[in-house]
Participant: 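The following block contains the structure, expressed as structure tokens.
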Amino acid sequence: MKTRKIFITGLFLVLLTCSGITVSKAQNNSKNIKVGPQPDGSILVPSNQLLRPAGFQVTFPGRPVDIALAVDNKLLVVKNRSSLDVIRIKDRTILQSLSLIKSGNSFTGLSVSENGRQLFVSDAKNKIHVAEFDDNLILHWKNTYELPSPEIGGQPVPGGLTLNRKENKIYVPLSRSNTLAIVNRENNDIVEIPVGIAPYEVVLASETKAYVSNWGGRKPNTGESTYNTSGSQVLVDPETGIANNGSVSVLDLTDKKCVKNIEVGLHPGGMALNSDKTRLYVACANSDVIAVINTSTDELIESISVRMDKNALFGSAPNALAISRNGKYLYVANGADNAICVIDIDNHSQVAGYIPTAWYPGSVILDEESDFLYVANIKGIGSRNQKTDRAGLNSHDHMGSVSIIPLPDKPKLSEMTNTVRANNSFVQDLVAHKPGKRIKNKVPVPQVSGQKSKFKHVVYIIKENRTYDQVFGDM
């Protein structure tokens with residue numbers, strides 16, 4: 001049975017020490033440690049982790065889910081919750097926030113034209129919106145493409161998208177339709193190709209071949225255990241009811257059909273091809289691995305673990321990745337580790353180290369000309385967006401961020417790895433080094449290696465559309 005990381009939130013917050021504070025001092029002051037900024041500049045978040053992100057930080061209200069370089073790599077465009085935000089990289093200034101008012105943005109999906117002046121973005125319902133920079137580098141909405149509704153009704157919910165080399169076609173997975181839509185920009189015709197369940201992202205291997213990652217895996221066969229997910233049946237474990245399949249669909253774009261489903265880890269999301277397109281790397285968030293596919297045979301040839309240690313707790317949540325031009329290094333956004341995992345592909349796909357980010361990195365891109373990594377941190381620094389019209393903060397006051405990180409050399413990467421390890425292990429360190437108290441082997445919530453839980457089952461009750469404070473605050 002796999003062991004998962006346990007993050008305690010809301011009323012049951014476990015207090016932590018922080019960087020620059022000794023363990024003994026932290027014990028004396030533990031009652032005063034609160035979620036939010038700490039005296040040493042770090043930030044404590046409700047998942048019992050410290051944030052000490054590398055590089056330069058740009059914070060802004062919202063939830064950034066995708067990023068792209070534009071206009072000769074001078075501007076960074078951020079797909080935020082309901083806007084496109086433009087950051088001038090040289091001085092890290094937010095120049096503009098272009099609102100998408102009616103529908104808001106989807107969970108991923110931002111692509112830039114070859115000239116760097118047009119942006120294509122998928123919304124949360126049924127459209128692809130096109131924005132364009134004018135001569136003064138002001139971004140304006142230009143036009144939209146409306147996508148067909150799924151057979152099950154409701155909205156198709158487009159995801160990650162890309163353009164072909166001629167830029168006359170847009171390829172976009174439709175999550176609720178379980179299809180890849182191909183939008184012909186010349187005549188607005190749309191063709192759909194059936195894929196797996198809840199497709200997330202698409203990459204083009206050529207003008208005639210594409211790969212689509214399916215969050216929910218392949219389509220079930222007759223007699224297999226399934227569960228309904230937004231109108232579709234997803235494969236589940238018959239004993240637990242938990243989704244148990246992830247896949248990548250291989251598409252023949254000439255015949256407009258799926259020719260193969262490659263089973264990979266669970267919840268496959270972000271993908272990247274190496275420069276010669278012989279290998280496809282797939283981030284599998286619910287298996288803590290990067291699946292490697294040989295594009296000549298379309299076979300899974302390797303699964304690379306992204307955990308910090310071989311026996312580390314499950315739950316790193318790799319969700320997005322970028323690969324160096326020479327194909328030697330893979331940079332993986334480990335959402336739950338608040339880190340970028342650096343994989344040395346040339347050295348037997350060994351993890352070279354980790355780079356600390358802000359809270360839950362969800363998109364990473366690489367600019368090798370300037371030797372910088374750009375990371376969109378979905379939760380940023382937590383709910384720290386102070387509203388002037390009221391006192392205090394609540395869980396909806398999102399403050400996202402983007403990290404701009406110089407690529408580290410080996411000594412610096414080693415130092416960063418130690419920071420990531422420390423950021424994610426303060427509870428364990430505090431318990432393990434607490435003087436005068438024997439570590440119990442059986443506790444409600446295990447915090448150090450060797451401990452076991454007193455509980456056999458945990459019932460997690462969520463009251464829909466209510467925050468922890470609203471529900472528990474009355475008790």
Side-chain angles (χ1 to χ4, degrees), residues 5-64 92 308 313 315-316 334-340 354-362 375-387 391-405 408 412 414-435 437 445 447-448 467-469:
K5 290 179 181 174
I6 301 176
F7 292 148
I8 310 298
T9 58
L11 187 68
F12 308 105
L13 175 67
V14 178
L15 297 177
L16 312 181
T17 180
C18 61
S19 174
I21 300 178
T22 64
V23 173
S24 59
K25 187 175 180 180
Q27 293 169 33
N28 295 332
N29 297 327
S30 61
K31 292 182 180 180
N32 298 321
I33 298 177
K34 298 179 180 179
V35 168
Q38 303 300 307
D40 68 336
S42 63
I43 297 173
L44 175 62
V45 293
S47 56
N48 290 343
Q49 296 164 296
L50 283 173
L51 305 177
R52 290 178 287 186
F56 307 98
Q57 313 306 314
V58 183
T59 60
F60 42 83
R63 287 279 175 91
R92 302 177 294 282
M308 290 203 75
L313 297 180
S316 291
N334 278 11
D337 289 335
N338 303 328
I340 299 298
Y354 296 82
I355 301 171
T357 66
W359 198 2
Y360 214 94
V375 181
N377 304 295
I378 297 175
K379 297 185 180 183
I381 59 172
S383 297
R384 313 303 302 174
N385 180 23
Q386 181 68 59
K387 304 287 182 66
L393 297 163
N394 68 41
S395 60
H396 300 288
D397 293 332
H398 309 308
M399 184 65 81
S401 73
V402 166
S403 298
I404 302 175
I405 307 170
K412 185 64 176 178
S414 178
E415 179 185 326
M416 289 177 167
T417 302
N418 291 334
T419 299
V420 172
R421 193 182 301 276
N423 286 347
N424 292 324
S425 63
F426 275 103
V427 168
Q428 295 91 328
D429 290 346
L430 184 61
V431 173
H433 294 94
K434 194 168 185 178
K437 186 174 182 180
V445 180
Q447 296 173 334
V448 297
T467 65
Y468 281 99
D469 287 342

Participant: Holding to side chain to side chain contact (heavy atoms under 4.5 Å, CB included), I want the full list of residues that pass it with Pro408, two or more places apart in sequence or in another chain.
Facilitator: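 Scan of Pro408 (side chain to side chain contact (heavy atoms under 4.5 Å, CB included), adjacent residues dropped) gives Ile355, Lys412, Leu413, Met416.
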
Participant: Write down the atom of Thr417, the atom of Tyr354, and the distance for their closest heavy-atom approach.
Facilitator: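 Closest pair (atom of Thr417, atom of Tyr354, distance): OG1-N, 2.9 Å.
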
Participant: Do Ser425 side-chain atoms and Arg421 backbone N/O form a donor-acceptor pair below 3.5 Å?
Facilitator: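 Yes; at least one donor-acceptor contact below 3.5 Å.
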
Participant: Among residues at least two apart in sequence or on other chains, which ones pass side chain to side chain contact (heavy atoms under 4.5 Å, CB included) with Ile43?
Facilitator: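 Partners of Ile43 by the side chain to side chain contact (heavy atoms under 4.5 Å, CB included) criterion, ordered by chain and then number, come out as Val45, Leu51, Ile381.
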
Participant: Roughly how far, to the nearest 0.5 Å, is the CG atom of Asn385 from the CG atom of Asn394?
Facilitator: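 Between atom CG of Asn394 and atom CG of Asn385 there are 10.0 Å.
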
Participant: Would a distance-only check, ignoring hydrogens and angles, find a side-chain to backbone donor-acceptor pair under 3.5 Å from Gln38 to Gly36?
Facilitator: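 A pair under 3.5 Å: yes.
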
Participant: Can you find a pair of side-chain heavy atoms, one from Ser47 and one from Trp359, that are under 4.5 Å apart?
Facilitator: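 Result yes, sub-4.5 Å side-chain heavy-atom pair found.
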
Participant: List the residues meeting side chain to side chain contact (heavy atoms under 4.5 Å, CB included) with Ser403, not counting sequence neighbours, and say none if there are none.
Facilitator: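 Only Pro53, Gln57, Val375, Asn377, Ile405 meet the side chain to side chain contact (heavy atoms under 4.5 Å, CB included) criterion with Ser403.
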
Participant: So, using side chain to side chain donor-acceptor pair (under 3.5 Å) as the criterion, who are the partners of Arg63 when residues are at least two apart?
Facilitator: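 For Arg63 the side chain to side chain donor-acceptor pair (under 3.5 Å) partners, ignoring immediate neighbours, are His398.
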
Participant: Look at the side chain of Thr59 and the backbone N and O of Ser401, then say whether any donor-acceptor pair between them is shorter than 3.5 Å.
Facilitator: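 Absent.
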
Participant: Determine whether a donor-acceptor pair (N or O, by modelled atom type, separation under 3.5 Å) exists between the side chain of Asn338 and the backbone of Tyr360.
Facilitator: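 Yes, the answer is positive, given that a donor and an acceptor are paired below the 3.5 Å cut-off.
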
Participant: For Ala358 and Gly380, which heavy atoms make the closest approach, and how far apart are they?
Facilitator: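 Between these two residues, the closest heavy atoms are CB-O, 3.2 Å.
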
Participant: So, Asn424 side chain and Asp337 main chain: donor-acceptor pair closer than 3.5 Å or not?
Facilitator: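 Yes; at least one donor-acceptor contact below 3.5 Å.
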
Participant: Can you see which heavy atom on Pro356 is nearest to which on Thr419, and at what distance?
Facilitator: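 Looking at all heavy atoms of both residues, the shortest contact is CG-CG2, 4.2 Å.
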
Participant: Kindly indicate, with the supporting measurements, whether the criterion side chain to side chain contact (heavy atoms under 4.5 Å, CB included) is fulfilled by Leu393 and Ser383.
Facilitator: CA-CA 7 Å; Leu393 297 163; Ser383 297; 5.5 Å; no

Participant: What closest approach, in Å, do Met399 and Pro61 show between heavy atoms, and which atom pair accounts for it?
Facilitator: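 Nearest heavy atoms, Met399 then Pro61: SD-N, 3.5 Å.
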
Participant: For Arg92 and Ile404, which heavy atoms make the closest approach, and how far apart are they?
Facilitator: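 Between these two residues, the closest heavy atoms are CG-CD1, 3.7 Å.
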
Participant: Taking all heavy atoms of Ala376 and all of Pro64, pick out the closest pair and write down the distance.
Facilitator: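 For Ala376 and Pro64, the tightest heavy-atom pair comes out as CB-O, 4.1 Å.
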
